[in-house]
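Scope of the values below: all heavy atoms of this structure, side chains included, with no hydrogens, waters or symmetry mates.
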Amino acid sequence: MEQGRDHFPFPYQPYPIQEQFMHALYKALDQGKVAIFESPTGTGKSLSLICGALSWLTDYEERKRQEKAALLQEGQASLSTAAARSPACSASAEPAWVTDFVQKKSERDLVSKLKEEELKRKKREERLEMIRNNVQLKYAMKRKSCEDDEAFKLLRLSKEEQTEVQHDPEDEDLIIPEYESDDESKTRSRFSASEDDIDDDELVEEHVTKIYYSSRTHSQLAQFVHEVQKSPFSDEISLVTLGSRQNLCVNEEVRRLGSVQRMNDRCLEMQKNKHEKQLHEDDVKRKRGPAKSVCPHIKASALQQMRDGILGKVRDIEQLLELGRETRSCPYYSSRLAVPAAQLVVLPYQILLHEATRRAAGVQLKDQVVIIDEAHNLSDTLSCIHSAELTGAQLCCAHSQLSQYADRYKSRLKAKNVMYVKQILFVIEGLVQVLGGKVGRNPQSQTTQSGSDMLTINNFLFKAQIDNINLFKLQRYFEKSMISRKLGGFVEKYVGSGVSLHTDGTSNKENRRTGGLHHYLQSLQSTQSATAVTPGDQQGSAEAERVPSASPMMQVEGFFKTLTNSNTDGRVGVHKQGTLSESSVKFLLLNPAVHFAQVLKECRAVIIAGGTMQPVSDFKQELLFAAGVREERITEFSCGHVIPPENVLPLVLCNGPSGQELDFTFQSRESPRMMDETGRILSNICNVVPGGVVCFFPSYEYLRRIVSHWEASGALTRLANKKKIFQEPKKASQVEQVLSEFSRCIQRCAVDSGGLTGSLLFSVVGGKMSEGINFSDDLGRCVVMVGMPYPNIKSPELQEKMSYLDKHLRHTGGRSPGQALMENLCMKAVNQSIGRAIRHRGDYSTMILCDKRYSRPATLCKLPTWIKERASTHTTFGPAFAALRKFFLEKKKQVSTDGSQKSS
């Protein structure tokens, strides 16, 4: 039966559209829908999601409790009645007696199960209540070995398989354990003891009904947690924030390593050292040697204490770190231990959307609710997460590392390990040959013929001559043997940055061998650092100098995994760039639905939300229908904006002030006439628009060309006489500085203009300022879109994607799916850019779309509803400019009237 709610708890009186949003969300969750929700920035989307979803969760849990109580009462009554009227049995009535016995046993089992679940629920609620009341909990341990069990559990959560520990021979921790292919029973049984020995009172493994909330960045997740803290549910909800070790580690020794991979490796090594230390503390025969470093933050009692602290109060990542330092406990593992008992889990895309990472974090989606926010680029995000790229430098480095490793330990590796290591080396050698190079030589000195080629997976395997290798078995070997981590430990021990080669117990021959490896790998690492940094990215450059590149074998493992995708779902790009070190092989996922399907299948309901979700047609086709979701399970909700209609003025310009038709197609936009006309449009706009004007161009190259033209013609000087001009910086580290100066100039002009009316910012669609930056109030009184930012049609990746869609999706509206993809990518970028200006109820702004192509009905309908409904198209410039002038005159008059009323 469909449930509903008349009232939703809210921190203030909600807007009508927020109430509509919460009602629609509640209904979608109750009916188990896959729902697409669009709510413009400034309409309180986060609070609507929180209050609507948590209201449903509260009601759902109460309904479930009542249903179980009724079932329990009914079952007990049935058993009592059956016992009271149990007749004497005769030989002839034996079949009826057997039937009656089976029926009563079934009822007894049901009653017993319901009683057990009710008891667990009460224990859980009592325990959370005690935590919230800050009562000191006492934990009853079944064995003295509980900390051993906890260490096992942590290793299982991070997919780190323990190996049998011998009596400390040299480099034992670097040797790959004996590998039993296709036999996972040993892995499972190895951890069964630790799972069974955990006390029931800890409720470690029991997952309650929960909501998983996911967004793109940690800053967006932190904002969401702050909204939860302001909501009426802050004192009664159990919330956990998940993140990477880079975000959650409090061990300063590990944090100093910088790169995610090095932090992961060091953390797991410390756990292993701790476990070995515990196993050997009673072993009097153990050889004495240098003490191995262990992490002081993963003691079981401290982890349990912090887990309870997490469940008892809503905390963001900064507060988690503070709590971890106070309790000397690890926030990374404590948060994962808290997941089963949490009602709301907040996590980034990478954890939710990647199956292996999801499993390692203890995230279980079966019959749970998932909310994916800021989802306008969900399809691209899925493709990026499941794509991989390998440079020639990385391949040569990985081959050299593994060859040296196999050579050093060849007498101590089991036969199957030797076989798989040889297979890995063979595959790497094949990949290098595809790039036109050879292993064993410096990749910087090997030249290749420049060019790109896009191949199916099967054709790529044939070209690399590795089609006879079973990549599925190889991938399973990577996972079970942990060869990437063993190799990383080997490199760090002998050739890691700043680590001298071990001389104790090694011969001069071994020193010479690893010494050569050290110098060779150092040269490759410097090559990688040089090729991995985007030109002009000062921050990335500094990080590359500070932190050595991650283990290339990890990258190789990731690339191998992508090659196990279905042949139709992906392509492999071979890009030769002149030298082997700069050349690369790249896997491109064409069908993101294949990895999203499991989320959609397992979850009770999936909510896909964003400020601007238009256009949704390709989204539904590419992600939902392709994943097997039926039309009847999909629902859409799009709400208007909270601002009054008169606070926004969208204008479509088909012609400029001199009558020049605005055609910014690639063939026409660089003509001097088009550039001059664009300058005249901006000059007129700057005459009447106060404060800040943000002008978006389709590419960095076009921005450079048009600014150069304006400098030569004098148009730039004329613009600078009206507004101070700023340009989007090339370096990400300078964005904050440019925005601050842009803002300060607008504030100064509001007090003392000195002839200037504010600031003019030149930006690029899809650049650093087209998404995630707020141009609220005077910072963005007008947003100008110059042309239509179509993606580069010459891109091999885009051409392959379009071809794939044309083959696998149906044609609609007279356009092929590939053409629709181009238009939708363009309009998504436009919508993100023009939505930067309106950020709250009292805000007002204008949007000017300069290109006759915006006037097409098919294009207009892909604008957000609240903009499309208020947009007007102008074939001549005069009426559009008059409307613009009138808009700001009325706003100025309104501000003056409001000021007079306040002063009186």
Side-chain angles (χ1 to χ4, degrees), residues 159 174 176 179 259-262 264-265 354 356-357 385-407 417-441 443 455 457 460-461 463-467 469-492 495-496 517 520-521 524-525 527-529 531-532 548-565 570 572-575 580-589:
K159 296 187 68 185
L174 300 179
I176 306 169
Y179 179 67
S259 78
V260 177
Q261 192 54 58
R262 295 187 72 205
N264 287 343
D265 290 345
H354 192 271
T357 310
I385 288 174
H386 295 93
S387 294
E389 185 172 15
L390 277 175
T391 65
Q394 288 172 323
L395 286 166
C396 288
C397 185
H399 190 278
S400 177
Q401 288 180 359
L402 189 56
S403 297
Q404 295 285 351
Y405 176 89
D407 186 39
N417 283 319
V418 173
M419 180 190 75
Y420 278 111
V421 166
K422 285 183 176 179
Q423 285 189 11
I424 294 169
L425 289 170
F426 179 76
V427 173
I428 294 174
E429 192 171 346
L431 299 183
V432 173
Q433 287 174 350
V434 165
L435 290 174
K438 291 183 178 180
V439 296
R441 291 168 50 191
L455 305 168
I457 298 174
F460 176 77
L461 297 178
K463 187 168 185 177
Q465 297 180 8
I466 55 174
D467 52 294
I469 301 293
N470 189 327
L471 289 171
F472 291 94
K473 281 193 174 183
L474 211 55
Q475 182 59 33
R476 193 153 54 243
Y477 177 74
F478 267 112
E479 292 174 357
K480 300 302 179 186
S481 70
M482 301 172 297
I483 184 171
S484 296
R485 297 200 188 283
K486 299 290 183 182
L487 190 57
F490 167 73
V491 173
E492 185 173 349
V495 296
L517 173 63
Y520 178 58
L521 294 182
L524 291 183
Q525 282 186 342
T527 304
Q528 277 184 263
S529 297
T531 57
S549 55
S551 167
M553 189 54 72
M554 283 287 183
Q555 309 296 110
V556 170
E557 180 180 350
F559 187 79
F560 280 16
K561 185 173 180 63
T562 64
L563 296 179
T564 61
N565 277 277
V572 181
V574 179
H575 305 291
L580 176 60
S581 63
E582 294 178 350
S583 300
S584 65
V585 286
K586 180 178 181 179
F587 175 80
L588 174 68
L589 180 68

Worksheet item: For S584, which of Q394, H575, E389 qualifies under side chain to side chain donor-acceptor pair (under 3.5 Å)?
Response: E389

Fill in: 4.5 Å side-chain heavy-atom contact, V572 and F559
yes

Worksheet item: Would L390 and V556 satisfy side chain to side chain contact (heavy atoms under 4.5 Å, CB included), going step by step from the backbone distance to the final call?
Response: CA-CA 7 Å; L390 277 175; V556 170; 4.1 Å; yes

Item to complete: With sequence neighbours left out, write down each residue that passes ring-ring contact (aromatic ring centres under 6.0 Å, His included) with F460, or none if nothing qualifies.
Response: none

Practice prompt. Return yes if a side-chain donor-acceptor contact under 3.5 Å exists between E557 and S484, otherwise no.
Written response: yes

Worksheet item: Do T357 and I385 come within less than 4.5 Å of each other through their side chains, counting heavy atoms only?
Response: no

Worksheet entry | Student check: side-chain heavy atoms of H399 and L425 closer than 4.5 Å | yes

Practice prompt. Apply the ring pair (Phe, Tyr, Trp, His ring centres under 6.0 Å) test between Y420 and each candidate in F426, Y477, F478; give the one that qualifies.
Written response: Y477

Worksheet item: Quick one: are F560 and L431 in side-chain contact, heavy atoms under 4.5 Å?
Response: yes

Fill in: Derivation of the side chain to side chain contact (heavy atoms under 4.5 Å, CB included) call for Q433 and I466
CA-CA 11 Å; Q433 287 174 350; I466 55 174; over 6 Å; no

Discussion item. Any non-hydrogen side-chain atom of L474 less than 4.5 Å from a side-chain atom of I424?
Written reply: yes

Worksheet item: Taking atom NZ of K561 and atom CZ of F587, what is their separation to the nearest 0.5 Å?
Response: 11.5 Å

